[in-house]
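Everything on this sheet refers to the single structure shown next.
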Amino acid sequence: MAREFQRGHKARISDLTAGTDLYVGVQIAGPGLAFDISCFGLDANEQLSDDRYFVFYNQPKSPEESIQQLGTQAGDTESFRVTLDRVPASIHKLSFTATIDGAGQMSQIGPGYIRIVAGGEEVVRYSFTGAEFSTERAVMLGDFYLKDVWRFAAVGQGFDGGLAALLKNFGGEVAEEDEAQAQQPQAPAQAQAGAAPGFAAPPQAAAPAPSFGAPVQAPQAPQAPQPPHVPAPAPAPQYQQPAAPAPVHSAPTMVGPLTTPPAPAPYGQPPHAPQPPGPPSYGQQPQPSYGQVPGYGGQVPPPAPAPAPYGQVPGQQPPPYGQAPGQMPGPQPGYGQGAPQAAGAGLAAALQPYKEVPTGTRWTAQNQQLMRVDLAMGGQPVLARQGSMVLYQGKVDFSYKGAGFAGRIVGNATGQEMQLMRCSGRGQVFLAENGAHLHAIELQGDGICVSAESVLAFDESLQHEVRRIEGHGIPGGALFTMLFQGSGTVIVKTHGTPVVLPVTPTTFADSNAIVAWSAASQVIVSSQVRLRRNAYPGHSGETVNLQFRGAPGNFIVVQPYEV
């Protein structure tokens, strides 16, 4: 009886069957979609170090034929023959994937599966549906991996790119597409004798197709004798049907922009119904409607525009924090916003806005308080604050990251000690802490100063050290900060939405509200430090301020909250 696997389930092959000559079948389909189903033979670092073990439509078998692509049969969209005891020692994982050839996304597929058949009997099956995916164009279905013994894992992890992007993710190179050559799939070998079941495909739903062979010639009737002086008539030319062109796996050319039709108007409401004007914003004059006469005394002239802030072009609105210049205002897809609300009621419509946000980047903000990192992209671990992981998908290893004896001494003395964990593997990790707002800051050879309390996670490739702030001592231990330099991303957490201001000679910030600043800025303590706050009547309570100086281009980040 076949075992039903769920996503993430793993088992030893020896617990499933005693055989090692296995049949792997994949069934996947969608309306108007074409699929490429492949097998990647990966090394111990989960990289495609030998392209001969990339088995796909143009290379249907590995050199020693331990992996063979058999084609469509037994109700499967694609099938493979895997002989585990013939797989070379350099191959540690066989990853079976499905990618969409052309336009489309994995959310459009119907119910599918990947199954293992031994000796003609199905031993395990992992089923999936399009509801488990979103805009991904590829999915990693299941893996055979070597860990002391061969094991099988149901993966079911989506991938945003197509076959070329998946190949690059595994360390392969996309060569120029050569002219496709038709190759006949190898027929399954005969079952081996012994206790272990030999290779055998599952039973066909219909009668099996006859094996390849020359068609039998029909007996011809004897021709009547013709006179020797009369030549035989030349046979009429027969119509030859042109051979079908070899399939070319490439995306179709986009002939025009795709537009989404407008949503239908509710029942009983005319389309494009005029909306009543809303109340004017604070400080804004209401505009008269068409055909409406201004009030007594004529129209009030509009007020003069306010002067533009420092470093801003007059008449140009500054983009919100974290939004690139020129980007459309409003909530952007991929940050704090899921898929559009589905029409109708029900559980699916209620949960639609909160679905996972898929992107092709390493760091992705799911909302203002939740950040996702894809460890498979970039191939380097992440250092995160201990206990900040809320969930993860795939194969992820968590380990303690110590600072060493000297690091602990410096951290305790300066107040900049970080309790970190190391996240490595090829899965996706979701990070959050106490509902704080999270911001991904990408460094490309530059640096940024952030207090250790405001750091949630960062790429291990970044260099970080403790930097001393110039000036006299500051109460509360705010005499030091962390400096991050290099190429990578650091996740900064704030209380509320911060503001980013340019550094000028008159820029001052409260030491308890400052979050980060550019590494090239000069920071000094500007106000006198007293022994006690509110030491005399009428004291403002603001005793410690930091003054920032630097060339144009430097900045500070301040949160609307005092620690």
Side-chain angles (χ1 to χ4, degrees), residues 309-313 318-327 335 359-365 371 373-375 377-385 401 403 407 410-411 414 416 418 420 423 431 436-471 478-494 497-509 511 513-524 546-559:
Y310 173 80
Q312 180 181 338
V313 180
Y321 175 73
Q323 178 175 326
Q327 189 175 357
Y335 181 83
T359 63
T361 59
R362 176 174 169 86
W363 294 90
T364 306
M371 186 71 63
V373 54
D374 192 346
L375 299 176
M377 302 186 66
Q380 59 178 333
V382 166
L383 300 181
R385 187 178 296 273
K401 174 64 176 179
V410 174
T414 60
Q416 298 297 316
M418 294 186 293
L420 300 175
C423 311
L431 304 171
H437 288 205
L438 305 180
H439 313 274
I441 300 179
E442 183 179 359
L443 302 179
Q444 297 180 353
D446 42 2
I448 188 172
C449 294
V450 189
S451 175
E453 285 296 324
S454 300
V455 176
L456 179 70
F458 55 93
D459 289 326
E460 193 178 33
S461 59
L462 289 177
Q463 301 176 1
H464 59 285
E465 61 181 2
V466 179
R467 169 179 281 194
R468 182 180 184 273
I469 300 178
E470 299 178 4
L479 181 64
F480 300 89
T481 185
M482 296 297 299
L483 171 63
F484 291 87
Q485 290 179 319
S487 297
T489 301
V490 56
I491 305 301
V492 177
K493 57 178 184 175
T494 63
T497 303
V499 60
V500 180
L501 298 174
V503 170
T504 67
T506 58
T507 300
F508 300 84
S511 61
I514 188 73
V515 176
W517 59 88
S518 53
S521 301
Q522 181 186 9
V523 188
I524 60 175
L546 300 180
Q547 181 181 8
F548 294 86
R549 301 173 181 174
N554 290 283
F555 63 89
I556 63 172
V557 182
V558 182
Q559 63 185 357

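Atom CD of residue Gln485 and atom CD1 of residue Ile448 lie 11.5 Å apart, to the nearest 0.5 angstrom. Atom NZ of Lys493 sits about 13.0 Å away from atom NE2 of His437, to the nearest 0.5 Å. Note that the OG1 atom of Thr364 and the CG atom of Asp374 stand 7.5 Å from one another [nearest 0.5 Å]. In this structure, CG on Leu438 lies 5.0 Å from CE on Met371, to the nearest 0.5 angstrom. The structure places CD1 of Ile491 at 12.5 Å from CG of Leu383, a figure rounded to the nearest 0.5 Å. Rounding to the nearest 0.5 Å places CG of Asn554 at 10.5 Å from CZ of Phe548.
Residue Val382 comes nearest to Arg362 through the heavy atom pair CG2-NH2, 3.1 Å, listed as atom of the first residue, atom of the second, then distance. Between Val450 and Ala516 the shortest heavy-atom distance is CG2-CB, 3.8 Å. When all heavy atoms of Gln444 and Asp446 are compared, the closest pair comes out as N-OD1, 2.9 Å. Contact record, Ala457 with Trp363: CB-CH2, 4.1 Å, taken as the closest heavy-atom pair. Pairing each heavy atom of Cys423 with each of Ala384, the nearest pair is SG-CB, 4.5 Å. What you find for Ala509 and Ile514 is that their closest heavy atoms are CB-CD1, 4.2 Å.
No donor-acceptor pair under 3.5 Å is formed between the side chain of Thr489 and the backbone N or O of Asp459. Arg385 places a side-chain N or O within 3.5 Å of a backbone atom of Val455 that can act as its donor or acceptor partner.
Under the rule for a salt bridge (charged side-chain N to carboxylate O under 4.0 Å, His left out), the partners of Glu460 that lie at least two apart in sequence or sit in another chain are Arg422.
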Please assess Val523 against Trp517 for the test side chain to side chain contact (heavy atoms under 4.5 Å, CB included), listing each intermediate value before the final yes or no.
CA-CA 9 Å; Val523 188; Trp517 59 88; 3.4 Å; yes
Would you sort out whether Met418 and Phe458 count as a side chain to side chain contact (heavy atoms under 4.5 Å, CB included), showing the intermediate values?
CA-CA 12 Å; Met418 294 186 293; Phe458 55 93; 4.1 Å; yes
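No side-chain heavy atom of Val557 sits under 4.5 Å from any side-chain heavy atom of Val492. Using a 4.5 Å cut-off on side-chain heavy atoms (C-beta onward), Val515 and Pro498 make no contact. Using a 4.5 Å heavy-atom cutoff, the side chains of Phe484 and Leu443 are in contact.
Between the side chains of Ser451 and Ser454, no donor-acceptor pair is found at a separation under 3.5 Å.
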